[in-house]
Amino acid sequence: MTGGGEPKIWKGAATEPLHTFEGLYPRTGTPVDAEAVAVSRDGNWLAIGGGDGIVHVFDFAAREPLQAIEAHDNGVLSVAFSADGKMLASSGYDGKVKTWRTETAEPVAVIDTKTEKAVRCDISPDGKTVVSAWDEVLLWDAENGESAGALKLSEPRVISVREVKFSPDGTQVVTTDATVDFENAAMIWSLESKKVVATLKHEFGVQSAAFSPDGRLLATADLDVRARIWDIAAQQLVQTIEEEDVTPNMVAWSPDGKLLAVASDGIVRLYGKPGT
């Protein structure tokens, strides 16, 4: 699944899309990009969020539209489903995070993160907790929007989170960091201790990260020409992928964990999992 001006569904390494979503964002009079896409783990639902603040929800198999939710002012940055597909979270440039029941257009919770900056978010696999991130990493109750605490560094410093994701089992969160002082790391946090348990250092800022479906590996995309795959438990780099003078923008695993997709400059390349 890819975003952009016309979101598309692809199969494997095919050069032509299976389906193109046309005309999703003409209503403002100005074409906008789909900046956030998510497919539920069970493959039943698709959410696409765009620059006009609307989240479109589809029956993924049928490609049929179900909802067009006016979610955020000034555009959508993140959309994410719970593992069973019943809960959806979204966030945007308005500093707010919202949760929804997938089959309805009325929000369950509206969370004001008290920041005027763009906010990223994810929802836990069980659908009970939302994490929001920019210069703070905060936890929220997905049902009532109340604070559930913060993930804090032992030595406070400026962070600038580009992406935030729950692990498949919901016990950890990863944030990607590109700070003004170039700390440049993917940081893995324990939800139990609310502390960093692994810091995976990079030469340059980190744009994107994705846990493998079994939770053992982490893929990252740098602000240089590399994507990387890490062994989380060992905190060791196991593979470096050179992207031929283009900057990787996004990484994502296939549902079976055998392939890693690396998106860069409008092109998606597929790589095999290390050892396969």
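Worth knowing before you read on, the calculation uses all heavy atoms, side chains too, and leaves out hydrogens, waters and symmetry mates.
- A donor-acceptor pair under 3.5 Å is absent between the side-chain atoms of Asp122 and the main chain of Lys165, judged by distance alone.
- In terms of hydrophobic clustering, with Ile, Leu, Val, Met, Phe, Trp and Tyr side chains grouped at heavy-atom distances under 4.5 Å, Ile232 and Val238 are assigned to different clusters.
- Val161 and Leu153 fall within the same hydrophobic cluster, defined by Ile, Leu, Val, Met, Phe, Trp and Tyr side-chain heavy atoms under 4.5 Å apart, directly or through other members.
- Here the shortest heavy-atom pairing between Gln172 and Val197 reads NE2-CG2, 3.9 Å.
- Rounding to the nearest 0.5 Å gives a distance of 13.0 Å between CD1 of Ile48 and CD of Glu35.
- Of all heavy-atom pairs spanning Ala210 and Ala252, the tightest one is CB-CA, 4.2 Å.
- When atom types are taken as modelled, the side chain of Ser208 and the backbone of Met250 share no donor-acceptor pair closer than 3.5 angstrom.
- Checking Thr176 against Glu163 by side-chain atom types alone, no donor-acceptor pair falls below 3.5 Å.
- Ser254 contributes a side-chain N or O that, together with a main-chain N or O of Leu259, makes up a donor-acceptor pair within less than 3.5 Å.
- From Ile229, atom CD1 reaches atom OG of Ser212 across 9.0 Å, with rounding to the nearest 0.5 Å.
- The minimum heavy-atom distance linking Ala80 with Ile123 is given by the pair O-CG2, 3.7 Å.
- Here the shortest heavy-atom pairing between Pro125 and Phe166 reads CD-CB, 4.1 Å.
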Thr113 vs Lys96, side chain to side chain contact (heavy atoms under 4.5 Å, CB included): CA-CA, chis, key distance, verdict: CA-CA 6 Å; Thr113 65; Lys96 291 183 172 60; over 6 Å; no
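- Val57 and Val79 fall within a single hydrophobic cluster, where Ile, Leu, Val, Met, Phe, Trp and Tyr are joined by side-chain heavy atoms under 4.5 Å apart, directly or via other members.
- Within the model, atoms CH2 of Trp134 and OG1 of Thr115 stand 9.0 Å from one another, a figure rounded to the nearest 0.5 Å.
- Residue Glu136 places its CD atom among 12 or fewer non-hydrogen atoms of other residues, nucleotides or ligands, all under 6.0 Å distant.
- Contacts classified as ring-ring contact (aromatic ring centres under 6.0 Å, His included) and involving residues 214-236 (residues at least two apart or in different chains) are given here: His202-Trp230.
- Counting non-hydrogen atoms of other residues, nucleotides and ligands closer than 6.0 Å to NZ of Lys86 gives a total of 12 or fewer.
- Environment of CD in Gln235: crowded, with over 12 heavy atoms of neighbouring residues, nucleotides or ligands closer than 6.0 Å.
- Ile111 is not connected to Val76 by any chain of hydrophobic side-chain contacts under 4.5 Å among Ile, Leu, Val, Met, Phe, Trp and Tyr, and they are in different clusters.
- Remark: the backbone N or O of Glu64 is not paired with any side-chain donor or acceptor of Asp59 at under 3.5 angstrom.
- Between Gly95 and Val119 the shortest heavy-atom distance is CA-CG2, 3.7 Å.
- Residues Val55 and Trp45 fall within the same hydrophobic cluster, defined by Ile, Leu, Val, Met, Phe, Trp and Tyr side chains chained together at heavy-atom separations under 4.5 Å.
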Trace of the side chain to side chain contact (heavy atoms under 4.5 Å, CB included) decision for Val206 with Asp177: CA-CA 6 Å; Val206 189; Asp177 186 44; 6.0 Å; no
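- The cationic atom of Arg63 (NZ for Lys, CZ for Arg) lies less than 6.0 Å from the six-membered ring centre of Phe60 and within 45° of the ring axis.
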Chi angles and distances behind the side chain to side chain contact (heavy atoms under 4.5 Å, CB included) call for Ile54, His72: CA-CA 7 Å; Ile54 294 173; His72 297 277; over 6 Å; no
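- With hydrogens and angles ignored, the 3.5 Å screen pairs no side-chain donor or acceptor of Ser167 with any backbone N or O of Val173.
- Distance alone, capped at 3.5 Å, places no donor-acceptor pair between the Ser40 side chain and the Gly85 backbone.
- With no hydrogens or angles considered, no side-chain donor-acceptor pair links Ser147 and Trp140 at under 3.5 Å.
- Taken to the nearest 0.5 Å, the NZ atom of Lys258 stands 14.5 Å off from the CG atom of Leu270.
- To the nearest 0.5 Å, atom CG of residue Leu260 and atom CH2 of residue Trp253 are 5.0 Å apart.
- In this structure, the side chains of Glu203 and Arg226 come closer than 4.5 Å at one or more pairs of heavy atoms.
- Considering only residues two or more places apart in sequence or on other chains, Thr129 meets the side-chain hydrogen bond (donor to acceptor under 3.5 Å, both in side chains) condition with none of them.
- For the atom pair Ile69 CD1 and Leu88 CG, the distance stands at 6.0 Å (nearest 0.5 Å).
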Residue pair Tyr271, Val251: steps toward the side chain to side chain contact (heavy atoms under 4.5 Å, CB included) verdict: CA-CA 11 Å; Tyr271 298 89; Val251 287; over 6 Å; no
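- Residues Val262 and Val268 form no side-chain contact, since every pair of their non-hydrogen atoms from C-beta on lies 4.5 Å or further apart.
- Under the rule for a side-chain contact (heavy atoms from CB on, under 4.5 Å), the partners of Ser78 that lie at least two apart in sequence or sit in another chain are Ser91, Arg120, Cys121.
- When side chains are defined from C-beta on, Phe58 does not count as touching Leu66, because their heavy atoms never get closer than 4.5 Å.
- With contacts defined as side-chain heavy-atom distances shorter than 4.5 Å, the pair Leu151/Thr175 does not qualify.
- Side-chain contact between Val174 and Val164 is absent, with no heavy-atom pair separated by less than 4.5 Å.
- In terms of the salt bridge (charged side-chain N to carboxylate O under 4.0 Å, His left out) criterion, Asp256 has no residue partners (sequence neighbours excluded).
- Under the salt bridge (charged side-chain N to carboxylate O under 4.0 Å, His left out) criterion, the residue pairs touching residues 138-153 are Arg101-Glu143, with sequence neighbours excluded.
- The hydrophobic cluster around Tyr93 extends to Leu77, counting ILVMFWY residues whose side-chain heavy atoms fall within less than 4.5 Å of a member.
- Closest approach of Val130 and Ala142 over heavy atoms only: CG2-CB, 3.9 Å.
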